[in-house]
Amino acid sequence: MQRDYRDTLNLPKTAFPMKADLPKREPDRVAWWEAQRTYQRRLERNKQNGAWILHDGPPYANGHLHMGHFLNMVLKDMFVKIALLDGKWAEFIPGWDMHGLPIEFETLKHLKIKDFHAIDPIELRNKCKERALHWLDEQRSTRMRMGNFGEWQHPYRTIDPEFEATIVEALADLAQAGQIYKGLRSTLWCVHDETALAEAEIEYEQKVSPSIFVRFSADAQQRDEILRAMGVSAEHVPQKVSVIIWTTTPWTLPANVAIAFKPDAQYALYAHGDEAFIVAEELAPQTLGEHFGQFRKLGTVKGEALEGLSVRHPFMDRNSELVIADYVDLETGTGAVHTAPGHGADDFQTGLRYNLPILNPVDARGVFTAEAGPYAGMHIWKANPKIVEDLRESGALWNAFEYTHSYPHCWRCHNPVIFRATAQWFIAMDQNRLRARTIENLQDVTFTPDWGKNRMTQMLENHPEWCISRQRTWGTPIPAVICSACTESVLDPAVARIAAKHFREHGADTWWRDPVETFLPHGFTCPNCGGKAFEKEKNIVDIWFESGVTHLAVLGKNGIPWPSDVVLEGGDQYRGWFRSSVVTATAIKGSAPYKQIVKNGWVNDEHGRPMSKSLGTGIDAKDAMQKWGADVLRLWSASVEFVDDVRFGPNVVDQVSRVYRNIRNRVRFMLSNVDDLGRADVVPYAQMQWFDKLACDVTDDWVARVHGHLKAFRLHDAYLEIIRFEGDDLSSFYLDALKDRLYSSAAHSARRRSAQSAILHILTQFLTVTAPLLSFTAEEAWQSLPEALRGDRASVFDLTFAGSKHPNAASAQAWEKLKELRSWVAASEGRRDYELQAKLGLPQSWYDRFAPHLDDVREAMVVSALSLRANPSLEEPAVERELLAADGGKCKRCWKYLPLGADPRHPELCAPCAEIVG
RNA sequence: GGGCCACUAGCUCAGUUGGUUAGAGCAUCGCCUUGAUAAGGCGGGGGUCCGCGGUUCGAGUCCGUGGUGGCCCA
């Protein structure tokens, strides 16, 4: 009669399920953290330990969050939690960017309103606010669903009266410092709706335009200079020398002040009959037309050689300068580009570069002003044919066609739009050395990756003047006033400060609602003419300016220091928020608003292509969490090198899911072996078995290493270190070797309690280290631990990283030696593990260390018997190893090979098992 | 077109200042275990280190050049 001794063993037992069921379980955990106020309570405990602040760059509140958001937001959360578990007051105030055109746009579409002039500004602002709040709620719940900690009930919002006041105070500070001015800028303009348009309000449609080639001829002196520059002798050249330009917008010719050439292209002088022409060599055949063969080429020159020369305007009494510009191409036209800085974005930049007059002879309705000379009073579209006709009569017209092309139209009225220089507010980047000081301030900032500093420096160097005004409704008003007498526009610090006060108390609507006098200081007069009557200007501030002052709205108050310790955003923010923040901070506070910039990469699809909603490759963060669970995705975030661009897709998630399952199972195994451990059973370190002490020492070293990675934001290094440890040290070595002691020792024996206590220590440390990454699973495991073992640490986020200790070099060395010996046993073929006994000859030093712990070494090697002898002739690391069949028989209970039957009641058991069974 | 970045096994990544047969995890294949079992252990296969040229006794690593992809601009 054989007896089954299985029920006398202490087999693993736990309520922690093997199957994660993350999508189902995680939402409850989010609710639990909220109800327990886990984050807030830990913050309160940490308060006296000093602040560590990650300042949240505000996402835009106009849609669902995608995986790019997920990566960025979860990384932020991990950093915050790392600091939190380090004992820091890691207050995280999430924020949202809630003003701006995309929301206004979406709201207008939502309301089916095509012209924003057609709705009362206050009403439109209310509707926009509703939409923005709707998206804020949506995004907030998604961010919470990720398991992220933060002050979700008290976020910062750019639409809050307090925030709007901060924006306007920043404007006041800048105005006071002489940092703001009003200047011209090329704007897209609809002459039908009489309004400036944003890029997003443009639709491209086919349009038939006049396509004309126009002579710009040189006078005698100009001719000489041109021929000299081209190295052509004047005698064989006809008297009349012209540059031929091409345009499809004849109405912009009155504003022409220059002709742009491509610097490295070849231009040639062609003569035919009594005149000569300069055009790009490559475009000459099509420009000069069917008789091209009859033209004589008199010389060629690179475009850059023509810079600084000039020709006469065909009908205005002035010169047109010859300039060079990189954007000139040789696809169409003549290679000589008509340049009217008041009527084109490129032209405008060229105008600034050459300090050319920015002529703007067209009013808001599209009617020429007196500046347009002979065409004053005409509408531009009506003037087009008239100008062509006049050119033909004067002989300036070389050729004319009709031309069908794609041209920008107003999305509302579908009329063609124009470029028009308009007066806008700017931040002067070079006033008070702002640009230079901003770049200097970057020197104090730590960049991850470090090349970010270069990149940002370059961007600041090339930063055009920052235009901060927009002609829209959904935003914070720029509190400028216009003098009724002289039409001067004034942005006065005192007016702005009064406005800020009103905004703080009543919200920014007051600017649209209340009379101008509300905002004027007593006795305010126009600095230009002394006038006393004013109107409010109806411009709002660029949303990049709003997000650029979040550091003023959030930091430096409520115990939060200014500057922040770190900001973390995608690489596009070098040009965006990182830049706008440091510019305003430099201008207003004199230094950078952050100590460190960490950049995360772009999330592309599995083939490395950008995700796109329209291609159907975009993945919504909420959907992904519903499908795979937040924790698997959090692990994915740590598994990729987040600083670089990363790939995401089902196959990538599958892979990381398997890693997740491994981790989960090993945590489960540890939990299942401490299930019967009571608080009073826990063995202090000093009384543990030697092997268990080694395991604790090695774990502490590991925690210190991972902690180092985490603090330095090297999440991927931490990920690799975690996986290596739980696989290599725990699962395949320590925990595997411990099974015999855990299962077959007497439940209450000191040896078993020692092993359990070591596991408790390791598990606690493991959960501490993984909690910032696998927040849900770490918390779930912590809650599955017997309550007595949790003590007063109600949440896994009440744990703290083990204090820094010196590495346990001796323990680590012994540990590695044991692992090596165990690997040797494990790899044996045929007989294995307990079927074996080992005989080792060790160098004296190893013998001295191992001999006192003979049974622990035997246990680590997972053999039934071990004998050691010292061999002084061996040099470290040599070991004489011999594996033999174990003596004795297989104990029915513990499976080790030992002498059996000492107890006649249990003939199939070894002596220790027989005693336990009794 | 310009600036910046990336490119190492099927996938995610290591490879210190150039120095043996380029490593790990996951996947894959085979074996063992059946007292972590929708688990656990052991072992194997798999790479023109994006291409080309150069420096060097020696290059995944340094230099040049081309390609592919990404971000920001034009």
Side-chain angles (χ1 to χ4, degrees), chain A residues 4-14 16-20 68 262 264 325-329 345-346 349 449 451-459 461-464 570-576 579 599-611 635-636 638-641 643-673 716-717 719-724 726-728 730-733 735-740 742-744 822-833 835 862 893-895:
Chain A
D4 178 11
Y5 289 98
R6 199 170 185 275
D7 59 357
T8 68
L9 296 168
N10 317 297
L11 293 180
K13 177 171 156 290
T14 178
F16 185 80
M18 184 176 280
K19 189 170 181 334
K262 187 176 175 64
D264 55 349
D326 290 329
Y327 55 79
V328 175
D329 69 50
D346 284 340
Q349 290 304 323
W451 52 259
K453 183 184 281 186
N454 265 333
R455 178 129 199 236
M456 229 177 122
T457 301
Q458 285 178 14
M459 284 175 168
E461 281 166 352
N462 301 324
H463 192 329
D572 53 336
Q573 300 305 331
Y574 284 129
R575 175 166 282 270
R579 182 174 71 170
K599 161 254 185 186
N600 65 263
W602 220 248
V603 178
N604 293 324
D605 70 14
E606 293 192 316
H607 309 291
R609 303 285 172 165
M611 294 211 192
L635 190 62
W636 163 77
S639 78
V640 294
E641 189 44 85
V643 172
D644 301 325
D645 291 350
V646 302
R647 296 180 184 204
F648 181 84
N651 292 318
V652 176
V653 180
D654 269 2
Q655 185 193 194
V656 84
S657 297
R658 286 186 279 262
V659 175
Y660 173 84
R661 280 210 303 269
N662 281 351
I663 294 175
R664 185 177 179 91
N665 267 312
R666 280 138 200 195
V667 165
R668 178 170 181 267
F669 185 63
M670 287 191 271
L671 282 169
S672 69
N673 278 296
H716 182 73
D717 289 345
Y719 169 84
L720 291 178
E721 190 63 50
I722 288 167
I723 290 175
R724 194 207 55 73
E726 58 95 16
D728 202 38
L730 296 183
S731 186
S732 68
F733 178 53
L735 296 175
D736 198 42
L738 232 44
K739 283 191 233 170
D740 174 54
L742 290 165
Y743 299 172
S744 63
R822 165 57 189 152
S823 292
W824 166 60
V825 173
S828 80
E829 295 192 22
R831 289 196 189 84
R832 24 193 318 111
D833 295 352
E835 293 168 5
V862 197
R893 182 167 175 277
C894 73
W895 294 352

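Heavy atoms only: backbone and side chains are in, while hydrogens, waters and symmetry mates are out. Reminder, nothing fancy here: chain letters follow the sequence lines and each chain counts from 1.
In the set rA38(B), rU12(B), rG35(B), rU12(B) carries the atom at the smallest distance from any side-chain atom of Ser639(A). For Met18(A), whose side chain is taken as the heavy atoms from C-beta onward, the closest listed nucleotide among rG70(B), rA38(B), rC13(B) is rA38(B). In the set rG10(B), rG41(B), rG35(B), rG35(B) carries the atom at the smallest distance from any side-chain atom of Trp895(A). Nearest nucleotide to the Arg609(A) side chain, out of rU12(B), rG70(B), rG35(B): rG70(B). Side-chain proximity of Tyr743(A) to the nucleotides rC26(B), rC13(B), rG35(B) is greatest for rG35(B). Residue Asp645(A) places its side chain closer to rG70(B) than to any other of rG3(B), rG70(B), rC72(B). Of the listed nucleotides (rA14(B), rG25(B), rC71(B)), rC71(B) has the atom at the smallest distance from the side chain of Asp572(A).
Here, rU17(B) and rU61(B) have their C1' atoms 11 Å apart, quoted to the whole Å. Atom P of rG64(B) sits at a distance of 44 Å from the matching atom of rG43(B), rounded to the whole Å. Distance noted for atom P between rG25(B) and rA6(B): 27 Å (whole Å). On the P atoms, rC13(B) is 29 Å away from rG30(B), given to the nearest whole Å. Going from the C1' atom of rC50(B) to that of rG69(B) covers 11 Å, rounded to whole Å. The separation of rC11(B) from rG47(B), taken at their P atoms, amounts to 13 Å, rounded to a whole angstrom. A gap of 15 Å separates the C1' atoms of rG60(B) and rU21(B), to the nearest Å. For the C1' atoms, the distance linking rG58(B) with rA14(B) amounts to 23 Å, nearest Å.
Of the side-chain N and O atoms in Tyr574(A), none sit less than 4.0 angstrom from OP1 or OP2 of rG3(B). Ser731(A) has a side-chain polar atom (N or O) that falls below the 4.0 Å cut-off from OP1 or OP2 of rG41(B). Taking 4.0 angstrom as the limit, Arg666(A) places a side-chain polar atom (N or O) nearer than this to OP1 or OP2 of rG40(B). Considering only side-chain N and O atoms, Asn662(A) lies under 4.0 angstrom from the phosphate OP1 or OP2 of rC26(B). Within the 4.0 Å cut-off from OP1 or OP2 of rG40(B), not a single side-chain nitrogen or oxygen of Lys739(A) is found. Using a 4.0 Å cut-off, no side-chain N or O of Trp451(A) falls inside it from OP1 or OP2 of rC5(B). Phosphate contact (OP1/OP2 of rU37(B), side-chain N/O of Arg668(A), threshold under 4.0 Å): present.
In summary, of the residues considered (Val646(A), Val656(A), Asn600(A)), a side chain to side chain contact (heavy atoms under 4.5 Å, CB included) with Val640(A) occurs for Val646(A) alone.
Residue Arg579(A) contributes atom CZ, which lies 13 Å from atom P of rC72(B) at whole-angstrom precision. Counting to the nearest Å, the P atom of rU37(B) and the CZ atom of Arg664(A) are 13 Å from each other. Rounded to an integer number of Å, the gap from Arg831(A) CZ to rG41(B) P is 25 Å. Distance, Asn604(A) CG to rU68(B) P: 17 Å, rounded to whole Å. Distance, Met670(A) CE to rA39(B) P: 17 Å, rounded to whole Å. One interatomic measurement links the two molecules: CZ of Phe16(A) to C1' of rA39(B), which rounds to 14 Å at whole-angstrom precision. Here the P atom of nucleotide rG25(B) and the CG atom of Asn665(A) are 18 Å apart, to the nearest Å. One can place CZ of Arg575(A) at 6 Å from C1' of rC72(B), the figure rounded to the nearest angstrom.
Within the 4.0 angstrom heavy-atom criterion, only backbone atoms of the sugar-phosphate kind lie near Asp346(A); the bases stay farther away. Looking at heavy-atom distances under 4.0 Å, Leu9(A) makes contact with a base. Within 4.0 Å (heavy atoms only), Arg658(A) reaches sugar-phosphate atoms of the nucleic acid but no base atom. The residue Asn651(A) sits apart from the nucleic acid: no heavy atom pair falls under 4.0 Å. Within the nucleic acid shown, Arg893(A) comes within 4.0 Å of at least one base atom, counting heavy atoms only.
Taking the six-membered ring where tryptophan is involved, the planes of Tyr574(A) and Trp451(A) are tilted, since the angle between them lies from 30° to 60°.
Considering CG of Asn665(A) and CE of Met18(A), their distance stands at 4.5 Å, rounded to 0.5 Å. How far OG of Ser639(A) is from CG of Leu720(A): 9.0 Å, rounded to the nearest 0.5 Å. From Arg822(A), atom CZ reaches atom CG of Asp736(A) across 5.5 Å, with rounding to the nearest 0.5 Å.
Taking the ring axis of Phe16(A) as reference, the NZ or CZ atom of Arg664(A) stays within 45° of it and closer than 6.0 Å to the ring centre.
Side-chain atoms of Arg455(A) and base atoms of rC71(B) include a donor and an acceptor less than 3.5 Å apart. Below the 3.5 angstrom threshold, one finds no donor paired with an acceptor across the side chain of Glu829(A) and the base of rG43(B).
A distance cut-off of 5.5 Å between ring centres, combined with a plane angle under 30°, leaves Trp602(A) outside any stacking arrangement with the base of rG70(B).
Mapping Glu641(A) and Ser732(A) onto RNA chain B by nearest heavy atom places Glu641(A) closer to the 5' end of the strand. Mapping Arg832(A) and Gln458(A) onto RNA chain B by nearest heavy atom places Gln458(A) closer to the 5' end of the strand.
Taking a pair to require two hydrogen-bonding distances under 3.5 Å in either a Watson-Crick or a G-U wobble arrangement, rG60(B) remains unpaired.
When every heavy atom of Tyr743(A) is checked against every heavy atom of Asn673(A), the shortest pair comes out as CE2-OD1, 3.8 Å.
Arg668(A) and Thr14(A) form no side-chain donor-acceptor contact under 3.5 Å, judged by distance and modelled atom types alone.
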